[in-house]
Structures are given as C-alpha cells and as structure tokens.
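Structure first, commentary second.
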Amino acid sequence: MEIEGLSLQLRRAYRLVHGYQRAIIDLSHEIMIRLGLDFFCWSPVFNDTPPRCTTDLSRKWSWDLLPGYSIYFAYTTPGPIQPGSYMLILWAEADTGFSKLCEDTKRGEPDFAQLDAPEHCATNFRFWHSVVVDSPKMKDSQGFWAKLWDEDWPETNEFNLEVDGVKMKGRMATHSLSAISSPDDLKERLEEFKMFVDTRSK
C-alpha cells in the first residue's frame, strides 16, 4: 500500500478510536449517574497506563498508548459498608481478539499480526460487580474498596468472595456494545442489574 493510502486509513482509524472511547466514557458516566454511584478508579485491563513523558517508549508496549482498547471503570456505592453496598466494574472490551491474544501470550507484548480476524471477534461491555451480603463491623470505605479492587474476581456468571472478613456475592454479565447502545436497552440492562443487587443484599 502506498504511504498516502496508509496515512488516509490511519487518520480514519484514529477518529474511529476517538469516537469509540468518547462513547464508552460517556456510557460509563451515565451508568454511574443513574445508579447513584461514586467513581473509584479506572485501569487498562491487560497493559499499563500511558507512560510518563520521560519514559523511553522503546522499553514499553506500543499497546500502552491504547489504554482504552480493553479498560475497566470502577464505581462504588456511597456511604459506609453495609448489606447492599457494592463495587461495579464496567469492562469495555473493544476487541475480544485482543483479550484472547493477551491470555494466550502470557509473557511479552502481544503481536498485532496474530489477532483473529475482526469478523470473528466482538466488542463487549461487561457488568462485573460484588455485593456485600452480611453486616460487617465498621469499615473504612475507601480502604475496603481498595482491598476489593485488588482481589482476583472470578470471570463467571456468579461467584462468592470474602474480603477483610466481609462476605460478598458477585456476578459478571456480558453484553455486546450494541445491546446497551439505545436508551431503552440501557434502561433494561440497569433494571436487571438492580434486581440482582436487591435480591443478593436481602
């Protein structure tokens, strides 16, 4: 391909990436507002955050400059830890091929050329959360959420966790991005989510 044709594709690609990242940031913020949650943190799933300007980029993954390719947004309920308190992690996964490649590679930077064809992959948005189900002793909320964030959450439909003596029940629900893109679809997904939280906290 001639350099001019490649440059044109590059300009289009960066604009698409910007539009996608703007959409998932706005969607995550909308979910936070609708559920009345507090922002906790964000993190790339498989790679590092963009390096500092004094870091030699040749020693880093090129993927580190694409932190939104697979990204977590974490939110928590406000107030003290009590039955029904929960942490919600929204996992925006632009390309399931990237996730599979990272898991298969184990070590070293994943090779872009080894990705499955885009037509065989998906773009997903996951609701991954843990709900407090017992009455814990007084807990420092931020300290507790930090410990929960550091836990190795199972990637299963439903799971149990115990963090700092607090019992929790969790769930991961995976939806294609298109399944939550309309206001009606998002409302339905959030109603399902709230129903799960309510039944687990009683």
Side-chain angles (χ1 to χ4, degrees), residues 1-29 31 40-75 87-130 148-159 161 170-182 185-186 189 193:
M1 179 183 295
E2 295 182 357
I3 189 65
E4 187 54 39
L6 180 61
S7 299
L8 175 60
Q9 287 198 30
L10 181 65
R11 292 193 294 274
R12 288 172 174 165
Y14 267 105
R15 295 177 193 198
L16 282 171
V17 169
H18 171 269
Y20 166 74
Q21 293 193 162
R22 181 73 268 164
I24 62 171
I25 290 170
D26 291 346
L27 177 59
S28 300
H29 183 75
I31 291 171
F40 183 75
C41 69
W42 74 273
S43 173
V45 178
F46 297 106
N47 47 299
D48 289 335
T49 54
R52 297 170 62 88
C53 61
T54 53
T55 299
D56 179 0
L57 292 181
S58 67
R59 299 178 180 274
K60 304 293 288 184
W61 288 9
S62 60
W63 296 103
D64 293 344
L65 298 178
L66 294 170
Y69 207 62
S70 191
I71 186 173
Y72 291 142
F73 301 93
Y75 305 97
M87 172 178 278
L88 169 64
I89 296 176
L90 299 174
W91 180 354
E93 186 179 23
D95 187 345
T96 54
F98 177 69
S99 303
K100 182 179 183 301
L101 184 62
C102 285
E103 291 165 356
D104 291 347
T105 303
K106 301 300 182 185
R107 293 183 179 181
E109 180 172 5
D111 181 3
F112 185 88
Q114 299 301 313
L115 285 172
D116 289 341
E119 295 79 10
H120 301 151
C121 302
T123 299
N124 289 332
F125 206 82
R126 302 184 183 185
F127 289 71
W128 202 10
H129 58 280
S130 288
L148 177 59
W149 169 254
D150 287 336
E151 282 289 315
D152 185 16
W153 293 27
E155 292 185 36
T156 56
N157 288 340
E158 295 195 21
F159 56 88
L161 280 178
R171 180 191 187 204
M172 173 185 274
T174 302
H175 308 285
S176 67
L177 186 59
S178 60
I180 56 172
S181 58
S182 75
D185 287 339
L186 179 58
R189 297 290 84 78
F193 171 79

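Just so you know, these numbers come straight off a predicted model, no measurement behind them.
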Of the options Asn124, Thr123, Val45, Ile24, which is the one that meets Glu93 in a side chain to side chain contact (heavy atoms under 4.5 Å, CB included)? Asn124

Go through Trp91 and Ser70 one step at a time and tell me if the side-chain hydrogen bond (donor to acceptor under 3.5 Å, both in side chains) criterion holds. CA-CA 7 Å; Trp91 180 354; Ser70 191; 3.0 Å; yes

Mutual orientation of the aromatic rings belonging to Trp128 and Trp153 [parallel < 30°, tilted 30-60°, perpendicular > 60°]: perpendicular

For the residue pair Leu148 and Leu161, establish whether any side-chain heavy-atom pair is separated by less than 4.5 Å. yes

Does the side chain of Phe46 come within less than 4.5 Å of Leu101's, by heavy atoms? no

Drop me the distance from Leu177's CG to Asp185's CG, to the nearest 0.5 angstrom. 11.0 Å

Kindly compute the distance separating CG (Leu10) from CZ (Arg12), expressed to the nearest 0.5 Å. 11.5 Å

Distance (rounded to the nearest 0.5 Å) between Ser62 OG and Asp64 CG: 8.0 Å

Hey, could you give me the NZ/CG distance between Lys60 and Asp48, rounded to the nearest 0.5 Å? 4.0 Å

Over 60° means perpendicular and under 30° means parallel, so classify the ring planes of Tyr75 and Phe73, tilted if in between. parallel

Output the distance between atom SG (Cys41) and atom CD1 (Ile89), rounded to the nearest 0.5 Å. 7.5 Å

Side-chain contact test, heavy atoms from C-beta onward, threshold under 4.5 Å: evaluate it for Leu88 versus Ile31 and give yes or no. yes

Looking only at heavy atoms, what is the nearest atom pair of Arg171 and Phe159, with distance? N-CE2, 3.3 Å

A side-chain contact here means heavy atoms from C-beta on lying under 4.5 Å apart; do Phe127 and Leu90 qualify? yes

Would you check if the side chain of Thr55 reaches a backbone N or O of Leu57 as a donor-acceptor pair within less than 3.5 Å? no

His129 side chain near Phe193 side chain, heavy-atom distance below 4.5 Å: yes

Rounded to the nearest 0.5 Å, the CH2 atom of Trp42 sits from the CD1 atom of Ile25 at a distance of 9.0 Å

Among Pro67, Pro44, Ser43, find the one that has a side chain to side chain contact (heavy atoms under 4.5 Å, CB included) with Thr49. Pro44

Plane angle bin for Tyr69 and Trp63 - parallel if under 30°, tilted between 30 and 60°, otherwise perpendicular: tilted

